[in-house]
Structures are given as C-alpha cells and as structure tokens.
Engineer: 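Please read through the structure below; I'll follow up with questions.
We're numbering straight along the sequence, starting at 1.
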Amino acid sequence: MFPALEGENRLKNQYKITVIIWFAMTLSVLIYVGLGLFLFDREDGGTGGEFKFLFYMLSFVSILSPRFFKSIILSGEKISNASSSSASNLAGLIQTYHMVTFAFCESIAIYGLVFYIIWGNKADFYILSGLSLICFIFNHPKFEFWQQIYERSHRLSGGLN
C-alpha cells in the first residue's frame, strides 16, 4: 500500500509530462498553420465540394469522440484495476485518456491541412486549425481532474497498493 503522498507525487509527475505533451501537440497545430502559410502556397483549386462536408463531419466526430472514450478508458472497473496495481498505473490510465483526446484535437488541424493541400482552400484550413486550437484549450489537462480520479480510485478500491 502506497502512502497517499507518494501516490499523489507519482500522479503529479505524470501530470507534468502530460502537460508538456499537450503543449507540444498544441504547438504542432501552429506548425501546421505555418506550413500552410509559407510552404504550401497554393492557388484556390476549388471548394472540395462533397469532401468539405466529410472533413467537417470528421472534425465534429473528433470533438465528440473523447467523451465517448472517456467512459471506456476511465470506467470504474479500469480505474479500480489500475489503482490496485500502483499509483503509476492509475496515472498511466489517466494519461492515456489525455493522449487519445489530444490526438483527436490534433486530427482536426490535420484534416484542414490535407484539405488545403489538395484543394487549396485556405479559409477552411484556418477554420479547422482554429477549431483544433480551441479543442486543445478546452482539453487542457487539469490536475484537479487527476485528483478526482485518484480519489475515486480510493473509493473504488480502498486505497492504492
């Protein structure tokens, strides 16, 4: 059984790593915007018609998917199983949820970049990149969330081993 302080320290360490990854992935969206602005200077090659709808639908799904995956990744059973092993396993589980969320946030900017490279439509590229950045802002990892999961694990398993 880990003392509560040791478990929380492990949680804080994983949290800090997750924040660094969040920052790096958010920065990558800005790099995509830079690529779109300076490297792929294209003329407007059309609207992309039916594909435009597809890319926006994929973006919409990417916004909603983390909520679905949260219920799977952070289910009571998985939290209980992870916390019965160690605080590190629990922190890894929470970090996994965040990585999945960040991947969905970044995918929106990638859709915009692909759309721009193929059809040269800058407006949609900027819209999707902005939407991606907004998703990153709303999904910034908060330590309070990690603490809630940690406390929930204590209630479910009676403490971390």
Side-chain angles (χ1 to χ4, degrees), residues 10-83 87-150 152-153:
R10 289 181 183 194
L11 211 63
K12 283 180 185 177
N13 290 337
Q14 282 298 108
Y15 169 75
K16 289 174 186 177
I17 292 168
T18 304
V19 170
I20 291 168
I21 294 169
W22 173 86
F23 179 76
M25 291 182 79
T26 304
L27 188 61
S28 71
V29 172
L30 297 175
I31 291 170
Y32 301 152
V33 170
L35 287 173
L37 284 172
F38 302 111
L39 293 182
F40 300 114
D41 192 21
R42 293 191 37 127
E43 295 296 319
D44 194 359
T47 61
E50 63 280 352
F51 291 104
K52 184 176 189 174
F53 177 75
L54 175 68
F55 280 101
Y56 277 94
M57 285 307 298
L58 284 171
S59 298
F60 181 71
V61 169
S62 293
I63 291 170
L64 298 179
S65 293
R67 304 301 174 247
F68 170 73
F69 283 102
K70 179 180 181 181
S71 65
I72 294 172
I73 296 171
L74 296 178
S75 68
E77 180 183 338
K78 291 200 179 188
I79 289 173
S80 181
N81 289 341
S83 65
S88 295
N89 285 352
L90 180 63
L93 186 68
I94 300 168
Q95 189 177 41
T96 299
Y97 161 70
H98 282 294
M99 295 303 107
V100 168
T101 301
F102 301 160
F104 279 112
C105 292
E106 185 179 29
S107 70
I108 298 169
I110 293 171
Y111 302 148
L113 184 61
V114 169
F115 194 76
Y116 174 60
I117 291 170
I118 294 173
W119 287 283
N121 193 328
K122 269 191 179 177
D124 290 314
F125 170 58
Y126 293 136
I127 290 169
L128 292 174
S129 295
L131 186 59
S132 176
L133 289 171
I134 290 169
C135 284
F136 271 111
I137 290 169
F138 281 118
N139 289 295
H140 180 275
K142 295 170 186 66
F143 190 67
E144 294 80 31
F145 174 76
W146 288 58
Q147 286 176 318
Q148 289 171 355
I149 299 295
Y150 184 73
R152 182 174 167 202
S153 74

Engineer: Is there side-chain contact between Leu30 and Leu133, with at least one heavy-atom pair below 4.5 Å?
Structural biologist: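 With C-beta onward as the side chain, the pair touches.
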Engineer: Using a 6.0 Å cut-off, check whether atom NZ of Lys142 has over 12 heavy atoms from anything other than its own residue.
Structural biologist: yes
Engineer: Are the side chains of Phe125 and Leu37 in contact, using a 4.5 Å heavy-atom criterion?
Structural biologist: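 Side-chain contact under 4.5 Å: no.
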Engineer: Give me the atom names and distance for the closest heavy-atom approach of Arg10 to Ala87.
Structural biologist: CD-CB, 4.0 Å
Engineer: Before you tell me yes or no, could you show the steps for Ile17 and Ile21 under side-chain contact (heavy atoms from CB on, under 4.5 Å), namely the whole-Å CA-CA distance, both residues' side-chain angles and the distance that decides it to 0.1 Å?
Structural biologist: CA-CA 6 Å; Ile17 292 168; Ile21 294 169; 3.9 Å; yes
Engineer: Might you point out which heavy atoms bring Ser28 and Glu106 nearest each other, and give the distance in Å?
Structural biologist: OG-OE2, 2.7 Å
Engineer: Is there side-chain contact between Phe145 and Ile94, with heavy atoms separated by less than 4.5 Å?
Structural biologist: yes
Engineer: How many angstroms lie between OG in Ser62 and CE in Met57, if you round to the nearest 0.5 Å?
Structural biologist: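 That separation rounds to 10.5 Å.
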Engineer: Among Phe102, Phe23, Trp22, find the one that has a ring-ring contact (aromatic ring centres under 6.0 Å, His included) with His140.
Structural biologist: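 Among Phe102, Phe23, Trp22, the one meeting ring-ring contact (aromatic ring centres under 6.0 Å, His included) with His140 is Trp22.
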Engineer: Looking at every non-hydrogen atom in both residues, tell me the closest pair between Arg152 and Ile79 and how far apart they are.
Structural biologist: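 Nearest pair, atom of Arg152 first, then Ile79: NH1-CD1, 3.5 Å.
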Engineer: Can a donor-acceptor pair be found, under 3.5 Å and without considering hydrogens, that links the side chain of Ser80 to the backbone of Gly76?
Structural biologist: no
Engineer: Could you walk me through whether Ser132 and Tyr32 satisfy the side-chain contact (heavy atoms from CB on, under 4.5 Å) test, starting with their C-alpha distance in whole Å, then the side-chain angles of each, then the deciding distance to 0.1 Å, before giving a yes or no?
Structural biologist: CA-CA 11 Å; Ser132 176; Tyr32 301 152; over 6 Å; no
Engineer: For the side chain of Ser153 and the backbone of Tyr150, is there at least one donor-acceptor N/O pair under 3.5 Å apart?
Structural biologist: yes
Engineer: I'd like to know whether Ile110 forms a side-chain contact (heavy atoms from CB on, under 4.5 Å) with Leu113, so could you lay out the CA-CA distance, the side-chain angles of the two residues, the decisive distance to 0.1 Å, and finally the verdict.
Structural biologist: CA-CA 5 Å; Ile110 293 171; Leu113 184 61; 5.5 Å; no
Engineer: Would you give the length of the straight line joining atom CZ of Phe68 to atom CZ of Phe104, rounded to the nearest 0.5 angstrom?
Structural biologist: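 It is 9.5 Å, given to the nearest 0.5 Å.
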Engineer: Measure the spacing between OG1 of Thr26 and CD1 of Ile31 and express it to the nearest 0.5 Å.
Structural biologist: 11.0 Å
Engineer: Do the side chains of Met25 and Val29 get nearer than 4.5 Å, heavy atoms only?
Structural biologist: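 Of all side-chain heavy-atom pairs linking Met25 with Val29, none is under 4.5 Å.
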Engineer: Does some side-chain heavy atom of Tyr56 sit less than 4.5 Å from a side-chain heavy atom of Asp124?
Structural biologist: yes
Engineer: What distance separates Leu90 CG from Ile149 CD1, expressed to the nearest 0.5 Å?
Structural biologist: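 Going from CG on Leu90 over to CD1 on Ile149, the span is 7.5 Å.
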Engineer: Name all pairs fulfilling the side-chain hydrogen bond (donor to acceptor under 3.5 Å, both in side chains) condition that reach into residues 89-98, sequence neighbours left out, sorted by first residue then second.
Structural biologist: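 Output for this query lists Gln14-Gln95, Thr18-Gln95, Ser85-Asn89, His98-Trp146.
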Engineer: Test Phe138 against Thr101 for side-chain contact (heavy atoms from CB on, under 4.5 Å), laying out the working first.
Structural biologist: CA-CA 11 Å; Phe138 281 118; Thr101 301; over 6 Å; no
Engineer: Looking at every non-hydrogen atom in both residues, tell me the closest pair between Ile73 and Leu93 and how far apart they are.
Structural biologist: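 Reported closest heavy-atom pair: O-CD1, 3.5 Å.
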Engineer: Which heavy atom of Tyr111 sits nearest to which heavy atom of Leu128, and what is that distance?
Structural biologist: C-CD1, 4.1 Å
Engineer: Just by distance, do the side chain of Tyr15 and the backbone of Pro141 share a donor-acceptor pair under 3.5 Å?
Structural biologist: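 Yes, because the side chain of Tyr15 sits within donor-acceptor range (under 3.5 Å) of the backbone of Pro141.
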